[in-house]
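Comments concern the structure below.
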Amino acid sequence: MRIPDGASCCFREVGQDVVMSSPSQSEVLWPPDFRLVGNGIHLRQWADEDLPGMVELFDDPDVARWTPLASPFDLDAARAYVVKARALRAGGQGVNLAVTVDGGEALGGVVMFRNPEDGNAIELGYVIGPRHRRRGLAVRALRLLAGHARAVGFERIELRIEPGNLPSTAVARAAGFVLTEEREEREFKGAQTVLETWVLP
C-alpha cells in the first residue's frame, strides 16, 4: 500500500499481551485482541463503532489519490474495509489497525501484510485522517508497527510508495526507512503504477 503524515502510505511497548513467535505462527502473532501501545500511540482493532468516523478519515482527496481505498469512501465502504481487515487477520496474512492515542477515537490506520513471495518479509502501510496530520502520528505508528514486525522475526520490513507521494516518503525517512533501487509495478484503480521500495535497515 502507499499512503502520507501528509496523508498516507502504499494502511505499547511490545509486551504482555503480544506473544512472540516465529512469523509462520500467525494465530499467535495476531490474536483477535491484538494491539500495540508505545510512542504515545495505541494501535487497536477496528470496531463497528468506528464506522462513521472512518468516513471522515478516509473520504479525502489525498487518500483517494495515493491509496487504493474506495472513493468516495462512505459507510458501505467503511463496512467493507472492516470486514477485509478482520479477514486479513483471521487468515494469518497480516493485521489492519486503527491509530489512536489512547485506545479511543480512530485518527487513522496502519496495516502490515505478508509478502507472498518471501516468508521473511512484511509490507507496511499507513494513513492519517486530514484533521490529525502534522502531529507526528504516522511516524510514531509506523515505528511501533515496524518494531513489532522486527521483534517477531520478520527480516525484511518494506514500504512501497509512489515517487510523487512526498508526504509519505517524508514519513518513511523519519521512521528510519531507506530508499532502495527496487521498483514494483502494481495495478492501482485501473491503471499500472510504479512504486518505489523502502526498507528498514
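Values below: every heavy atom of this structure, side chains too, minus hydrogens, waters and symmetry copies. None of these values were measured; they are calculated from a predicted model.
- D59 meets the side chain to side chain contact (heavy atoms under 4.5 Å, CB included) test with V55, P72, F73; sequence neighbours excluded.
- Between R35 atom CZ and T100 atom OG1 the span is 8.5 Å, to the nearest 0.5 Å.
- In summary, of the residues considered (M112, Q93, R114), a side-chain contact (heavy atoms from CB on, under 4.5 Å) with L88 occurs for Q93 alone.
- Pairs of residues two or more places apart, or lying in two chains, that qualify as salt bridge (Lys or Arg N to Asp or Glu O under 4.0 Å) and include a residue from residues 72-85 are D76-R79.
- Here S71 contributes atom OG and D60 contributes atom CG; the two are 9.0 Å apart, rounded to the nearest 0.5 Å.
- For Y126 (side chain) and V171 (main-chain N/O), no donor-acceptor pair under 3.5 Å exists by modelled atom type.
- Between E123 atom CD and L195 atom CG the span is 8.0 Å, to the nearest 0.5 Å.
- At least one side-chain heavy atom of W198 sits less than 4.5 Å from a side-chain heavy atom of T169.
- Annotation: the span from L124 atom CG to R160 atom CZ amounts to 10.5 Å, rounded to 0.5 Å.
- Considering all non-hydrogen atoms of both residues, A146 and F177 come closest at CB-CZ, 4.2 Å.
- Put simply, CD on E158 and CD1 on I122 are 9.5 Å apart, with the number rounded to the nearest 0.5 Å.
- When every heavy atom of N96 is checked against every heavy atom of A85, the shortest pair comes out as CB-CB, 3.7 Å.
- Of all heavy-atom pairs spanning A175 and L200, the tightest one is O-CD1, 3.9 Å.
- Side-chain atoms of R143 come within 3.5 Å of backbone N or O of A174 as a donor-acceptor pair.
- Of the possible donor and acceptor atoms, none in the side chain of T67 sits under 3.5 Å from a partner among the backbone N and O of A64.
- With sequence neighbours excluded, no residue forms a side chain to side chain contact (heavy atoms under 4.5 Å, CB included) with V83.
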Could you go through the side chain to side chain contact (heavy atoms under 4.5 Å, CB included) check for V101 and L137 one step at a time?
CA-CA 9 Å; V101 295; L137 296 171; 4.0 Å; yes

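- Checking side-chain atoms of E162 against main-chain N and O of E196 turns up no donor-acceptor pair under 3.5 Å.
- For residues 98-111, the salt bridge (Lys or Arg N to Asp or Glu O under 4.0 Å) pairs, not counting sequence neighbours, are E105-R131.
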Given the rule in the salt bridge (charged side-chain N to carboxylate O under 4.0 Å, His left out) test, do D33 and R44 qualify, once you have shown the distances and angles that lead to the verdict?
CA-CA 8 Å; D33 59 350; R44 62 163 174 80; over 6 Å; no

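- Put simply, the side chain of V178 reaches to within 4.5 Å of the side chain of V199, judged on heavy atoms.
- Evaluation of the side chain to side chain contact (heavy atoms under 4.5 Å, CB included) rule for L57 yields W46, A106, H132 as partners, not counting sequence neighbours.
- Between P32 and Q45 there is no side-chain heavy-atom pair separated by less than 4.5 Å.
- The minimum heavy-atom distance between I128 and A138, with the atom names listed, is CG1-CB, 3.7 Å.
- Among all heavy-atom pairs drawn from I157 and A149, the shortest one is CD1-CB, 3.9 Å.
- A donor-acceptor distance shorter than 3.5 angstrom exists from the side chain of R140 to the backbone of N39, with no hydrogens or angles considered.
- With values rounded to the nearest 0.5 angstrom, L69 atom CG is found 6.0 Å from F58 atom CZ.
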**OP:** Quick one: do H148 and F154 satisfy ring pair (Phe, Tyr, Trp, His ring centres under 6.0 Å)? Show the steps, please.
**Re:** CA-CA 9 Å; H148 165 75; F154 287 102; 8.1 Å; no

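- Every residue two or more places apart in sequence or in another chain that forms a side chain to side chain contact (heavy atoms under 4.5 Å, CB included) with E185 is listed here: Q192, V194.
- A donor-acceptor pair under 3.5 Å links the side-chain atoms of T180 to the main chain of T197, judged by distance alone.
- Across every non-hydrogen atom of A172 and L142, the tightest pair is CA-CD2, 4.5 Å.
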